[in-house]
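Data first, discussion second: the structure below is written as C-alpha cells.
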Amino acid sequence: MGTLLDIRGLNAWYGESHVLHGVDMDVGEGETVTILGRNGVGKTTTLRTIVGIVRSRKGTISFAGNNMMQVPLHKAAHTGIGFVPEERGIFATLTVSENLLLPPVVAQGGMSVDEIYELFPNLYERRNSSGTKLSGGEQQMLAMARILRTGVKMLLLDEPTEGLAPVIVQRIGDVLKKLKQRGMTILLVEQNFRFASRIADRFYLMDHGQMVSEFPVGELAGRMDTLHKVLGV
Amino acid sequence: DGASDGKVKIGILNDQSGVYADFGGKSSVEAAKMAAEDFGGKVLGVPIEIVDADHQNKPDIASNIARQWYDTQQVDAIMELTTSSVALAVQAVAKEKKKIDIVTGAATTDLTGKACSPYGFHWAYDTHALAVGTGGALVKQGGDTWFFLTADYAFGYSLEQQTSDFVKSSGGTVVGSVRHPLSTQDFSSFLLQAQSSGAKVIGLANAGLDTANAIKQAAEFGITQGGQHLAALLFTLAEVHGLGLEAAQGLTLTEGYYWNRDDESRKFGKRFFERTGKMPNMIHAGTYSAVTQYLKAVQKAGTDDTEAVAKELHSMPVDDVFGRGGTVGANGRMIHDMYLLQVKKPAESKEPWDYFNVLATIPGKEAYIDPAKSGCDLVK
Amino acid sequence: MTMIFGIPVQALLGQLLIGLINGSFYALLSLGLAIIFGLLRVINFAHGALYMLGAFVAYLLLAYAGIGYWPSLILAPIIVGLLGAVVERLFLRRLYDLDPLYGLLFTFGMALTIEGTFRYLYGSSGQPYATPPALAGGANLGFMFLPIYRGWVVVMSLIICVGTWLLIEKTKLGAYLRAATENTILVQAFGVNVPVLLTLTYALGAAIAAFAGVLAAPIYQVSPLMGSNIIIVVFAVVVVGGMGSIMGAIITGYLLGIAEGLTKVFYPEASNIVIFVIMAIVLLIRPAGLFGRDA
Amino acid sequence: MADITETIPTEKSGIAASVQAGFLIVGLLLLVLAPFFFYPIFLMKLLCFALFACAFNLLLGYTGLLSFGHATFFGGAAYFTAYTVKEWGFPPELGILVGVAGATFLGVVMGFVAIRRQGIYFAMVTLSLSQMFYFFCLQAKFTEGEDGIQSVPRGHLFGFIDLNSSTNMYYFVLGVFIIGVLIIWRFINSPFGMILKSIRENESRAISLGYSVARYKLGAFVMSAALAGLAGAVKAIVFQFATLTDVTWQMSGEVILMTLLGGIGTLIGPLFGAGLVVTLENYLATSEFPVTIITGIVFMVCVLLFRRGIIGEFYASWIGRKLGFVYRR
Amino acid sequence: MAVSAMPTEDKPRVVLSARGLRRDFGGFTAVRNVDLDVYDASVHALIGPNGAGKTTVFNLLTKFLQPTDGTIKLNGVDITKTPPDKVARMGLVRSFQISAVFPHLTVRDNVRVALQRPNNLATQFWRPMSALDRLNERAEQLLASVGLTKEQDQLAADLSYGRKRVLEIATTLALDPKVLLLDEPMAGMGQEDVSVVSGIIREVARSRAVLMVEHNLSVVADICAYVTVLQRGEILAEGDYATVSADPRVREAYMGTEEG
Ligand SMILES: Nc1ncnc2c1ncn2[C@@H]1O[C@H](COP(=O)(O)OP(=O)(O)OP(=O)(O)O)[C@@H](O)[C@H]1O
Ligand SMILES: Nc1ncnc2c1ncn2[C@@H]1O[C@H](COP(=O)(O)OP(=O)(O)OP(=O)(O)O)[C@@H](O)[C@H]1O
Ligand SMILES: [Mg+2]
Ligand SMILES: [Mg+2]
C-alpha cells in the first residue's frame, strides 16, 4: 500500500492570522484516516489547504505524484482529489440531478449515475427537486454522491455528520464503509469520534494547527485519556 | 491712451467636450484666431492674444474662469459662451466687473432682454430669429398647417411659442403639438401622432441629438415621402453633416450664415475648412465676426477701456463676412439677415458640405426683436 | 373607429408595437446586466458605453473598412466582447473580493472614459448609419406603417433573449454559471476553470450590449451619448424586475418598454419618468422586485 | 466580502490623536489665511464641495450606503435658496434655511423609497430617483429650465454683513463649513452613530435587538441630505445662480469621486478629494485634455490602486501606522 | 419581580403561543399545522431532523418570516402582523444559528449596543459617545454573569466560536427579554463551553421562557422541561424528554437505534 497523500511542514494563513503551524501527515492508498480535534484547531483549514482553496500556504503537499503547491485550484480535482465541504455546498438553483452531474469527470472509474442512485435511493426519488429542498442528511449524501461520479481517487470529507440526526449518521457510516470496500481513499475530519472509530483505520489528533499524535484504530481504547484531555469530551 | 496692459486679450469660453462641442467647440477658438490674424495680430500696436477654456457646460466653472480671467489674467472680453445657463452667468459676472462679453453660442433672448448688460452683446442668432425664419418664412412658402414636436423644457416651449406666433400671424394654423422629454431616444410614438395630424409642416422645437434622432426616424417612418415637411428650429450645418443627407434631405432650418451662399462666404468657408477640417456654421462665423468687430472697436476707440469700446460697439455698423449690413441695438443685440435653408437631396449635392438651398433671406429687422420692445431696461 | 380613453384602437395598437420595439433594447441590455451581475456581482455601469461602442464599431467598420451591416452584426459583438474579456482579465478581476460597490464605481469610471474618448474623437452630434437595403422600407399593417427594420429588431432581440435564456437554463455551461454564482470556490474545487468562465460571462454580456448597439445604429444616431441616456433607465428596469432571474430581466424589459410607449400617447410629458415611477411603486409594494428573490 | 467601509480607522492612540489635533489646527489656520493667497471664489467653491462630500461620506462611510443621487439634495437646495432669495427677497440666512429644509424633505421622500433595498440596488434606486428629480427641475417653471435661476443677490447676512464683499462671503462659507463638519463629527460619535455602526456590522442582529433598522438608515440618509443641501444652498449664494448642472447624475458621480479620492469614511478626506477634483476641473478647463476622459481614468485608477483615498492611504501608510492610526484587517 | 412560587404541577402561564402555523416557499411547505405553547420559567426544546423546519419556525415566531397562515400570540397579544423589531421590543428575542455578534465592536460595546435601546440612548445624535458610559456598569455585570469579563476590551471578531455564542447570549439578556429563542446555541461548541452555556440557560430560565433548537440530546435531556419534535414541517411528538424519547416514531425519524 503506497502513500497517496504526503504532507510536510504545512503552514497556512488567513490574512494575517497564522492557522496551520507545520502539519505533517500522510495517507496511504485505500486507507481511511480521520483527523480529530477541537473546534478551531485547523482541521477544516487543513483540508482547504490541501485542495488549494487556502492559497497563502508554505510547505510541501504531494498527492499521487503531483506537487499540489503548484496546482491551481481548478486543476486540483483533475489530480484526483474530491472535496466535500463542511457546509456541503449544494446549489440551490440547480436540481438534484443537475447538482449530481455538475462536477466534471476527471478520470475513468467513477461510479455511473445508476450506481449512485442505487447507493442513495432517496436521491433518485428527489432528482428533479431543487437542491436545497433536501433534508440535511440528503444534502450530505448528495454532496458525497456528486464527487463519486467524477472518478477521484481520494475523498476529503469535512464533518459529514455535523448537525445530522443520529439515524442519518448511521446511514452515512454505512455508505462510507461501502466506499472503503471499493478501495476509495478517505480523509475524514470529525468531532464525533464514536462515529469515526467505526470506519477509520488510523487517526491523527490535531491541536493548535499541528498534528499532536497519530495512532491506528486498535490503539484507540488505550488512548482514551489523552483524547479526553485534548478533545475535552 | 492705448491698451491697458500691453496686450488685448480675448477669451473664448465654450463647451469643448460636451454635448455642444460640435456646435462651436474648438473650431470656434480657431475662428477667433483667424479673426485676430486677419487683423494683423496687433491692435493699437500691442499684440492680440486669444485664450480659451472648456466650461464643460457648468455655469460655476464658467463663472469661476470668467472671474479669474477678468480679475487676474487681463482678459478684456469673453466670447462664444455656448448654452444659456453659462451665457447668463458669465454676462452677470461681466456686468459686475464692467467688462465686455459677446455671446454667439447661446440662444436665449433674455441676454438682450431682462438680463441685458451695457457691456454685453448677442451676436449670431437667438430663438426669436429662428422662430421668425422657420415659422414665418415657411408659411409664406405654403407650409401653412403645423404640428410641433417640442422638447419638454423652457427652451422648447419658447421656440414653440414664438414660432407658432409667427405661423399664425403669417396666416397659418397650428393643428397640434406633443411634448417629448429631453434626450428621448425613440421618437416614433410622437412621429406617429404628428403623422396622423395631417399637418403640412412638422416643427421640431428641440435641439441637438433630439432633433437629429427625430429627423432620422421620420425618414424611417416615411413621413417626408408622405408629403409632410420637417422644419428644425435649431439645427446647423454641423448637425446636418452628422446626420447625412440621406436622412436629412428636405429639412428646412434657419441659420445666420451659409458658407456656400456667395463668393465671399465661400472664401471664408474654405479658409476655415483648411484649418479645422469642417465648414463653418453660424456660431463659428459669428465668433469670427464678433472678434473682428471687437478689434475694430478697440482700434476706433483707441483704447481697450470697457466703456469706450462698448460705446463703439453699439454705434459702429457691422460689415464682415457674417454680419453684412448689421447694426447693434442699444440692448446689445446685433441685428443682421438670417437665411431660410433647405437640405438638398443627396443627388443635388455637388461637393462635400454642399448641403443647403437658400429658400429665403429674412431681413434683420424682421428677424430680431425691436430693441425698444426687448424688455431691456437700457433702452428708453 | 373604436376608441379607448379617447385614443383610437388603431393608434393604440401602433403604440403598443412601438413600445415593444423599445422594450427590445431594454430587454437586451437588462439581460446582459443581469448575467454579469449574477456571476460577477458587478453592476456594470459601463453597459451603456458598451452598447454605444457596438454602434460605433459598426459605424467605423463601414466608414473605414467598407464593412456593411450584416458582417458588423457579427463582428461588432465579437470585437466588443473581446474588449470586455480584456477589461475583465486586467481590471475587474481584482475587484471580486471587495464590496460590489467598487465594481460599480470602476465601471462608472470606465463608462466616462469610453464615452469621453468617443466624444473627443467624434463629437456629440452623432454619425449617420443607414438601414441595410434588404430591410429598408416598410409594411402597411393597416393600423400603422411599420418600418421593416423595426420588425427585424423585435425578432432579433427575441431570438437573442430566448437563446441566452436557453444557454443558461438548459446547458452544462449554464449549470456551471449558475452554480458558480452561488459558490465560486466550490465549483472551482470541482475542477471547473471559473476564472475563464467569469471572463466569458463578461464578454458575453458585453457582446449582447454591442449587438443591441448595432441593432440600434440604423434607428438612432450613432452618438457617444446614446449609452448614458439609456443606462439609467435600464437600471430602473433591472430594479423593477429584480435580478433574480434571467427571464425576469427579459420580461420586465419588454413590459416597461410597452408601459413607456403607452405613456407617450396618454401623457407624453411623463414618458421619461414613467419607468422611475413604476420602480418606486414596485419598491414600495414588493421591495425584491417583480421577479426577484429576497437576499 | 470586504466591506466598502473596511478602511475606516477604528482606534487612535495618543500620538495619533494629537497628530490629528495638530493637523486640525494647521488646517484651520490655512483655511483662515487662504484667501490671501488663493482666488476667493475658487476657495468658496472648494469649501462648498468639500462640505457636500463630507455629507455624502456621512452616509457612505458610516452606514455603507452608496447613494448615486446626492445631486438631488445639493442642486435641489440650491434652487430653493436661489428662488426664495431672488423672487421672494429672503435674506441669505433664511434662504439657506429654506434650501436645507427642502433638501431634508427630498431626503425623507427619496430615503423612504430607497432604503428598501441595499447595496448596489440602493445605488441604482437613488440614481433613478434623482434622475426623476432632474427631469422635474428641467420641466418645472420656477427653475427656469436650462437658463437656471440667475443673478441671485447675495444680500446682507443677518441684515448687516455685506456678502458682496468676497472676504465676508469667504468667512461666512468657512464658518458654515466648519459648523457642518462639527455636526457630522458629533453625529457619528453619538449614541445614534453607535447604532449605525452596529447596523453596518450585522443588520439582522440589530433587528433582533429591536432596532428598526430602516428608521436609523433613514435618519442617516436625511441627515446627509440636509447637510448636502446646506452645501448646495451656500453655493447658490456664492455663485449667485442655481442651474441644472447641480442636479445631474454626473454631479452625483462627482461627489463620489471626491469622497473616494479623499478617503471613504475619514472625516477630513473629502476636503482633500474636493480640493483635488475642483482644481483638476479648473485646470483641465484650459488644458488640451478632455475632462471626462481624465475623470474616468482617475476613477478607475483610484478604485484599482488607491481605494483608501489620500487620507486613508496616509493613515494606513508606514508613517500613519507609526503615528498610531489603526486599521481593521 | 415578586413571583415567589415556581410554577406548580397545575398549568404554568403560557407566554408564547402559536396556532396552525404554516409557511410555504413557492410550492414547498416548510412548516404546516404547528401549534406550540411556550411556558414561563421553563426551557422548551424544539428538535427534529435537518430540514424539519425548526429554524423556519423560529423565523416565523420572531417575524423574520411572515407566516402563510396561522396566528401567533405573545402574552396574549396577537403579533401575527407585527414587524420583527417591534416583536423584539415586546420582549421576544432570538439568537441565530450562525453566530451573530457585531464583529468589529468590542465585547463591551456589543452588550452596550443592546442596552442602548431599553435605556433610551439610541436616537440621540446630538449627544457625545460618553453619554453611553452610564451603561458600563450593567454591561460589565452581564459580561461577568457569562464569564466574559477578561475579554471585554477585545474585538468580538477575535473571540473563539464558543465565546462568541456566549457573548451573543449576554447581548440577548441585556434586553431583559420575556421569551428567549435560541437556535442551536451549543452547535460546534467544545464540551466545557457546552456545560457553561447549559448552566447559563438554566439560570436564565428561572424567570423567563426559553425555546431552543438543539441537536445535543444530553443537553436536551438535562435542561429541557418540554420537548417538541418536528418532522417535515409537522409536529411528530410532544411531551417531556422521557416520553418523547421513548416514542418509536421519534426513535426512527430522529434518534436512530443507537444509544444517545
Ligand atoms: N475565512 C477565515 N478567515 C479568518 N480566520 C479563519 C477563517 N476560517 C477559519 N478561521 C480561523 O482559523 C482557525 C481554524 O479554523 P478551522 O475552520 O480550520 O477549524 P476546525 O478545526 O475545522 O474547527 P471546527 O471544528 O469548528 O470546524 C480558527 O481559529 C478560525 O477562527
Ligand atoms: N427561504 C427559503 N426558501 C425556500 N426553502 C426554504 C427557505 N428556508 C428554508 N427552506 C426549506 O425549509 C425546510 C426547513 O428548513 P429549516 O432551516 O427550518 O430546517 P431546520 O429544521 O432548521 O434544519 P437544520 O437542523 O438543518 O438547521 C428545508 O427543506 C429548507 O430547504
Ligand atoms: Mg471545520
Ligand atoms: Mg436550522
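All values derive from a computational prediction rather than experimental measurement. Lettering of chains follows the sequences in order, A, B, ..., and the numbering in each one begins at 1.
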Residues of residues 179-188 of chain C with a heavy atom under 4.5 Å from any heavy atom of chain A, in residue-number order, are A179(C), E182(C), N183(C), I185(C), L186(C), V187(C), Q188(C)

Among residues 99-114 of chain A, residues within the sub-4.5 Å heavy-atom range of chain C, in order of number, are L101(A), L102(A), P103(A), P104(A)

Can you confirm whether more than 12 heavy atoms, excluding those of R202(A), are under 6.0 Å from its CZ atom? yes

Worksheet item: When you look at CD of E115(A), are more than 12 heavy atoms from neighbouring residues, nucleotides or ligands closer to it than 6.0 Å?
Response: yes

Okay, I90(A) and chain C: the region with an atom under 4.5 Å from a heavy atom over there is backbone

Filtered by a 4.5 Å non-hydrogen cutoff, the part of residues 65-77 of chain A contacting chain C is L73(A), H74(A), A77(A)

The complete set of side chain to side chain donor-acceptor pair (under 3.5 Å) pairs with one or both residues in residues 275-285 of chain C, sequence neighbours excluded, reads none

Tell me whether the count of non-hydrogen atoms from other residues, nucleotides or ligands lying under 6.0 Å of NZ in K177(A) goes above 12. yes

Closest non-hydrogen contact found for F190(C) with F91(A) is CE1-CE1, 4.1 Å

Inset, instruction - Count the heavy atoms belonging to other residues, nucleotides or ligands that lie under 6.0 Å from OH of Y124(A), then report whether that count exceeds 12. - result: no

Result for salt bridge (Lys or Arg N to Asp or Glu O under 4.0 Å) between E98(A) and one of K170(C), R178(C), K172(C) points to R178(C)

- Message: Counting neighbours of CZ on R55(A) that are heavy atoms of other residues, nucleotides or ligands and sit closer than 6.0 Å, is the number greater than 12?
- Response: yes

